[in-house]
**Student:** 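Just dropping this structure here.
Letters go in sequence order (proteins before strands), and every chain restarts at 1. These figures come from a predicted structure and were not determined experimentally.
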Protein chains: 2
Amino acid sequence: MIVAKEYLQSYGIRPSTQRIAVMHYLLTHRTHPTVDEIYHELVEEIPTLSRTTVYNTLHLLYEHGAILALSIDEANVRFDGYTHPHAHFLCCGCGKVYDVDLDDVAFVQRNTPKNAATITEAQLFYKGLCNVCSAKRQN
Amino acid sequence: MIVAKEYLQSYGIRPSTQRIAVMHYLLTHRTHPTVDEIYHELVEEIPTLSRTTVYNTLHLLYEHGAILALSIDEANVRFDGYTHPHAHFLCCGCGKVYDVDLDDVAFVQRNTPKNAATITEAQLFYKGLCNVCSAKRQN
DNA sequence: TGTACTTTTGTAATGATTTCAAAAACGTAA
DNA sequence: TTACGTTTTTGAAATCATTACAAAAGTACA
């Protein structure tokens, strides 16, 4: 939890119990969880936790650039505590979101739109079927 | 409308009046419209048009690969009748979505996730402020 | 302690999207 | 043309993630 607290402070965010818990969860779970997944995990350790607080906190972390908000999954926004440039892959079979390394990290910056004065974020993602789900479908 | 009809047929989609109208709208308007924008435009020429039909049709076109469904805008899915590989830019000031050309079209394919058996789609998009909106904010 | 400010909480509202079953349109064979 | 099975459209109702809001709780500091 120490790490999460200092991580928040480095982004100028006051470290409340709930904020530390959310940030810590994202730093230790690279699963790109939804709001509800985070809520259900954390309400175990903070029984008074409100879903609204999870929404508020994630929004705050996102606004400060401490986390990424992925729109890869139409049904739910997913969050990522790993903010280095990388892409994502959603398997439409199992619903999992995987990290994807890029062979040319500069590509995204190089292709920045010409009519853009400021870029606040960029997302690259793939959808398809992972090897495991593809094999299962051979039945 | 001739173009839209044949376009649909080339994707194996039966060309009903409503489907032709939706497809024609997307082929002639490169504005990445939302469902409601499409509905409000087309209900002028087809007064009996139902919003559900627009949803159904867009879903059908998307499933057949005739159009793209963009998740760049959290609030609404946006649609694009231009299916060649390109990126998008959402200006958070005016809400417009612009096309972005890529200097290396092969990049996206080259970085396909290693654990993917099949890729059905890929999206790259930017968010920020366009030059016009940025200038306005200097006030 | 007291006070001002920040954060959390729970309920209610919002609004895009989906569900569903009936009505309409269509295709085709007799 | 007519009848019949299939496809498509329609509109109302339901769903559900997210937001709005105001009260309650927590925090900092004099």
Side-chain angles (χ1 to χ4, degrees), chain A residues 4-5 8-9 11-25 32-64 66-79 90 92 95 97, chain B residues 4-5 8-9 11-25 32-64 66-79 90 92 95 97:
Chain A
K5 182 178 178 182
L8 290 175
Q9 288 170 327
Y11 279 92
I13 301 169
R14 283 203 181 82
S16 70
T17 304
Q18 291 85 345
R19 289 171 182 174
I20 293 173
V22 170
M23 191 68 244
H24 179 257
Y25 187 81
H32 316 91
T34 64
V35 171
D36 258 47
E37 285 166 357
I38 297 169
Y39 169 73
H40 281 114
E41 284 296 321
L42 297 186
V43 78
E44 300 288 324
E45 54 182 84
I46 306 174
T48 61
L49 184 66
S50 157
R51 204 182 307 265
T52 301
T53 298
V54 180
Y55 273 101
N56 289 345
T57 301
L58 289 167
H59 186 253
L60 185 78
L61 298 178
Y62 169 70
E63 286 295 300
H64 282 76
I67 63 174
L68 305 179
L70 312 181
S71 37
I72 189 173
D73 182 354
E74 313 261 296
N76 304 292
V77 179
R78 290 172 172 278
F79 296 90
L90 169 65
C92 299
V97 174
Chain B
K5 182 178 178 183
L8 290 175
Q9 288 170 328
Y11 280 93
I13 301 169
R14 282 203 181 83
S16 70
T17 305
Q18 290 86 346
R19 289 172 182 172
I20 293 173
V22 171
M23 192 68 244
H24 180 257
Y25 187 81
H32 315 91
T34 64
V35 171
D36 258 45
E37 285 166 357
I38 297 170
Y39 170 73
H40 281 116
E41 284 295 323
L42 296 187
V43 80
E44 300 287 324
E45 54 181 85
I46 307 175
T48 60
L49 184 66
S50 157
R51 203 183 307 267
T52 302
T53 298
V54 179
Y55 273 102
N56 290 344
T57 301
L58 290 167
H59 186 255
L60 185 77
L61 297 178
Y62 169 70
E63 287 293 301
H64 282 76
I67 63 175
L68 305 179
L70 312 181
S71 37
I72 189 173
D73 181 354
E74 313 262 297
N76 305 291
V77 178
R78 290 171 171 278
F79 296 90
L90 169 66
C92 298
V97 174

**Student:** On DNA chain C, check which nucleotide each of A:Ile46 and B:Val35 is closest to and give me the residue with the more 5' one.
**Tutor:**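 The 5'-side residue here is A:Ile46.
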
**Student:** Are B:Ser16 and D:dT7 close enough that a side-chain N or O sits under 4.0 Å from OP1 or OP2?
**Tutor:**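 Indeed not, no polar side-chain atom of B:Ser16 lies that close.
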
**Student:** Do the side chain of B:Arg19 and the main chain of B:Arg14 share a donor and acceptor less than 3.5 angstrom apart?
**Tutor:** yes

**Student:** Would you say the side-chain atoms of A:Thr53 pair up with the backbone N or O of A:Leu49, donor to acceptor, closer than 3.5 Å?
**Tutor:** no

**Student:** Could you tell me how far apart B:Ile13 (CD1) and D:dT8 (P) are, to the nearest whole angstrom?
**Tutor:** 10 Å

**Student:** So what does A:Glu74 touch, heavy atoms closer than 4.0 Å: a base, only the sugar-phosphate, or nothing?
**Tutor:** nothing

**Student:** Just how far is it from atom CZ of A:Phe79 to atom CG of A:Leu58, taken to the nearest 0.5 Å?
**Tutor:** 4.5 Å

**Student:** Hey, is the side chain of B:Gln18 poking within less than 4.0 Å of OP1 or OP2 on C:dA25, counting only N and O atoms?
**Tutor:**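 For B:Gln18, the contact criterion (side-chain N or O under 4.0 Å from OP1 or OP2 of C:dA25) is not met.
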
**Student:** Does some side-chain heavy atom of A:Val43 sit less than 4.5 Å from a side-chain heavy atom of A:Arg51?
**Tutor:**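 Answer no - side chains too far apart.
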
**Student:** Send over the distance from A:Tyr55 OH to C:dT14 P, rounded to a whole Å.
**Tutor:**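 Distance, rounded to whole Å: 17 Å.
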
**Student:** Output the rounded distance in Å from NE2 (B:His59) to P (D:dT8).
**Tutor:** 14 Å

**Student:** What does the B/S/- profile of nucleotides 25-30 of chain D look like, 5' to 3', with a 4.0 Å heavy-atom cutoff to protein?
**Tutor:** ------

**Student:** Please state how far atom CD in B:Glu37 lies from atom P in C:dT17, giving the value in whole angstrom units.
**Tutor:**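 Rounding to the nearest Å, CD of B:Glu37 and P of C:dT17 are 11 Å apart.
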
**Student:** Taking the side chain as everything from C-beta on, heavy atoms only, tell me whether B:Leu8 gets closer than 4.5 Å to B:Ile20.
**Tutor:** yes

**Student:** If you define the side chain from C-beta out and look only at heavy atoms, does anything of A:Leu42 sit under 4.5 Å from A:Val54?
**Tutor:** no

**Student:** Which of the following nucleotides, C:dT8, D:dT9, C:dT17, is nearest to the side chain of B:Asn56?
**Tutor:**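 When the side chain of B:Asn56 is considered, D:dT9 is the closest of C:dT8, D:dT9, C:dT17.
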
**Student:** Can you check whether A:Tyr55's main-chain N or O pairs, donor with acceptor, with A:His59's side chain at less than 3.5 Å?
**Tutor:** no

**Student:** Whole Å only: how far is the CG atom of A:Asp73 from the C1' atom of D:dT18?
**Tutor:**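 Checked: the CG to C1' distance equals 14 Å.
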
**Student:** What is the distance from OH of B:Tyr39 to P of C:dT17, rounded to the nearest Å?
**Tutor:** 15 Å

**Student:** Measure from CG on B:Leu58 to P on C:dT18 and round the result to the nearest Å.
**Tutor:**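 Distance, rounded to whole Å: 11 Å.
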
**Student:** Tell me: CG of B:Asn76 to C1' of C:dT14, nearest whole Å?
**Tutor:**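 In whole Å, C:dT14 C1' and B:Asn76 CG are 13 Å from each other.
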
**Student:** About how many Å separate CG of A:Leu68 and CG of A:Leu61, when rounded to the nearest 0.5 Å?
**Tutor:**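 If we round to the nearest 0.5 Å, A:Leu61:CG and A:Leu68:CG are 11.5 Å apart.
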
**Student:** Are side-chain heavy atoms of B:Ile13 and B:Leu60 found at a separation under 4.5 Å?
**Tutor:**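 Counting from C-beta outward, B:Ile13 and B:Leu60 do come under 4.5 Å.
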
**Student:** Expected output is a numbered-order residue list: members of residues 47-54 of chain A with a heavy atom under 4.0 Å from any atom of DNA chain C. What is it?
**Tutor:** A:Thr48, A:Leu49, A:Ser50, A:Thr52, A:Thr53

